[in-house]
Every structure is written in C-alpha cells, then in structure tokens.
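Both ligands and their constituent atoms are indexed starting at 1 by order of listing. Quick caveat, the model's predicted, so the values are computed rather than measured. Residue numbers start at 1 and run along the sequence shown.
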Amino acid sequence: MASPERGVLISGNWKMNANHFEALKLIQELSALLRSHGGVPEGREASVHPPFTSLRTVQTAIESDRVPLLLGAQDCHAADRGAYTGEISAEMLAKLNVAYVICGHSERRQHCGETDEQVRAKVDAVLRHGMRPIVCVGEDLAERQRGEAVHKVRGQVAAAFSKRSSEQIAAAVIAYEPIWAIGTGETATAADAEAMCAEIRDELVGIAGPAAGVARVQYGGSVKADNAAELLAQPNVDGLLVGGASLQAEGFAEIVLAGL
Ligand code: 13P
C-alpha cells in the first residue's frame with residue numbers, strides 16, 4: 001500500500017462516454033453507493049473525469065449533494081484564451097472547480113499527435129491555475145518487447161518535469177499506463193506496475209530531490225474491481241486511473257474502496 005504521506009488517488013477517466021443525462025445518472029448512483037459505505041475514507045481521494053460537455057452537470061451534482069468525489073477533466077489547451085477553435089483552457093476548467101486534469105493521455109498522443117512539448121505546456125497551464133495535472137506516460141507493445149519501456153517512460157517523465165521545483169512535482173500525479181494494457185483486458189502484473197512506478201518516482205527524485213518523491217504515481221490499463229486491490233498493495237502504486245470500469249457505478253465504487 002502507498003505511504004500514508006502520499007495517500008491514494010483513484011480516478012475514473014470516462015473518455016468519450018456519458019452525455020450530460022447519463023453523467024448525472026452515473027454520478028448519482030456512485031454517490032449513493034459510496035455513501036452507503038460511509039464515503040471515501042481518510043487518506044484516499046477519488047476523481048471522475050467526464051467529457052467537457054458533462055463537466056458542469058457533474059460539478060453541480062457534486063457540490064449540491066456533497067458527493068465525496070473530486071471533479072476532473074480529460075485534457076486542456078496550454079493557452080488561457082485566444083483563437084483556438086474547439087479548445088478548452090485550463091482557466092475555464094478551474095472556474096468549474098476542476099481539481100485534476102489529465103495531460104498527455106496516450107490516446108491523445110496517438111490520435112491527436114500530442115508531443116512531449118505540448119504535454120509540458122499543458123502541465124504548466126494546469127499548475128498556473130491551481131489544479132493538479134495527471135500526466136500519462138507509458139510504452140507500447142513493440143517498445144516493451146524491444147526492452148525500451150523504462151527508457152521511454154523515464155524520457156516522458158523528464159520531458160514533463162525536468163527543471164521543475166519539488167513543490168511543482170509534488171503537486172502532480174503521474175499515471176503509468178502501458179499502451180498495450182489499455183482497453184485490452186490485459187493488465188500489467190502487479191510486479192511490473194510496481195517496478196515502473198518505482199522507476200518513475202526515482203526519475204522525479206533525480207530531477208528535484210527527495211521532496212519530489214511524494215508525487216503520487218498511478219497505474220492504469222484494464223483495472224477492474226478484481227485486480228485493483230493487488231495493484232494498490234504495491235508500495236509505489238499510489239492509485240489507479242480507470243477507463244472502462246469507471247463507467248459502471250458498482251464496479252467503480254468497488255475500485256474506489258479496494259483493499260480497505
Ligand atoms: P481501461 O481501464 O479501459 O483499460 O483504460 C485505461 C485508461 O486509458 C485510463 O485513462
């Protein structure tokens with residue numbers, strides 16, 4: 001289990017699912033389930049990351065019903081405003097009381113051509129507006145098979161965090177999401193997840209010293225209710241970034257409470 005100093009963060013990335021009607025239903029179901037278990041316990045946080053069009057609805061539900069969940073977004077633009085048709089700024093997200101913003105998810109790196117430089121600029125924007133970035137890193141299957149996984153992941157971490165202060169790094173979350181494990185049903189073994197999360201922490205400490213080591217490191221990729229507890233039991237796994245299984249209230253509630 002992660003150190004009490006760092007705490008655990010379980011995040012549900014809804015991806016391009018749940019219009020605002022469906023989002024409201026899901027958040028109400030989740031809220032009722034978590035409440036029936038006494039809420040989210042001390043030392044643990046849970047965030048949900050709906051699509052942009054459902055953010056305001058979920059924000060209102062969370063705030064008016066005191067739902068024990070934090071609001072998250074899936075992406076943002078690096079600039080605060082301007083002629084960027086179709087984009088959403090970090091400033092706009094902060095106004096909705098968004099707490100966590102996913103930056104550089106592999107699906108955006110892959111399908112939208114997001115570069116390490118763009119991801120870094122998004123992290124800047126998120127921090128500038130008082131939110132916390134969840135920076136996604138991870139290798140694809142070919143890179144793993146060639147033995148390049150650690151090099152790739154450390155490189156992505158360095159690209160997002162080099163030359164930052166330990167305070168900035170400590171405010172961030174890094175999600176290790178091996179691309180071959182996303183949406184495939186093939187989860188990394190707990191030992192593989194632990195090994196890479198430890199590499200990531202070591203890279204952060206190398207950048208800004210021991211104080212940077214309190215940044216939380218999540219694992220993501222085919223997390224389900226039945227493998228969550230084993231992953232969370234690893235000393236360097238401080239949380240989970242959940243895709244498909246976060247769209248079902250019961251399964252996600254089980255993951256949020258896994259291992260307790
Ligand atoms: P799955 O849990 O559906 O594999 O997705 C993982 C993910 O990409 C979360 O960001």
Exercise. Any N/O of G244 closer than 3.5 Å to an N/O of ligand 1?
Worked result: yes

Exercise. Is a side-chain donor or acceptor of E194 paired with a backbone partner of N236 at a separation under 3.5 angstrom?
Worked result: yes

Problem set entry | ligand 1 contacted by S222 (non-hydrogen, < 4.0 Å) | yes

Problem set entry | Contact check, K15 vs ligand 1, heavy-atom distance below 4.0 Å | yes

Exercise. More than 12 foreign heavy atoms under 6.0 Å from CD of E91: is that the case here?
Worked result: yes

Problem set entry | Atoms of ligand 1 close to H105 [distance to a heavy atom under 4.0 angstrom, numbered from 1] | 7 (C), 8 (O), 9 (C), 10 (O)

Problem set entry | Contact check, A181 vs ligand 1, heavy-atom distance below 4.0 Å | yes

Exercise. Where is the nearest protein heavy atom to atom 9 (C) of ligand 1: which residue, which atom, and how far?
Worked result: E177 OE2, 2.9 Å

Problem set entry | Distance, nearest 0.5 Å, that separates CZ of F52 from CD of E87 | 8.0 Å

Exercise. Taking the non-hydrogen atoms of G220, is any one of them nearer than 4.0 angstrom to ligand 1?
Worked result: no

For this session: For A228 and V223, work out which heavy atoms get closest and say how close.
Result: CB-CG1, 4.3 Å

Please report, to 0.1 Å, the donor-acceptor pairs under 3.5 Å made by any side chain of residues 239-260, with sequence neighbours excluded.
from: S246; atom 1: OG; to: V242; atom 2: O; distance (Å): 3.3
from: S246; atom 1: OG; to: G243; atom 2: O; distance (Å): 2.7

Exercise. Counting only N and O atoms by type, is there a donor-acceptor contact under 3.5 Å from the side chain of R120 to the main-chain atoms of A159?
Worked result: yes

For this session: If you have a sec, work out which protein heavy atom is nearest atom 2 (O) of ligand 1 and how many Å separate them, to one decimal?
Result: G243 N, 2.9 Å

For this session: Tell me who clusters with V214, hydrophobic residues only, linked when side chains sit under 4.5 Å apart either directly or through other members.
Result: none

For this session: May I ask you to list the atoms of ligand 1 that are less than 4.0 angstrom from any heavy atom of L241?
Result: 9 (C), 10 (O)

Exercise. Side chains of E45 and Y100: is there a donor and an acceptor less than 3.5 Å apart?
Worked result: yes

For this session: With heavy atoms of N13 as the reference, note each atom of ligand 1 found under 4.0 Å away.
Result: 9 (C), 10 (O)

Exercise. Does ligand 1 have a heavy atom under 4.0 Å from the side chain of I182, from its backbone, from both, or from neither?
Worked result: both

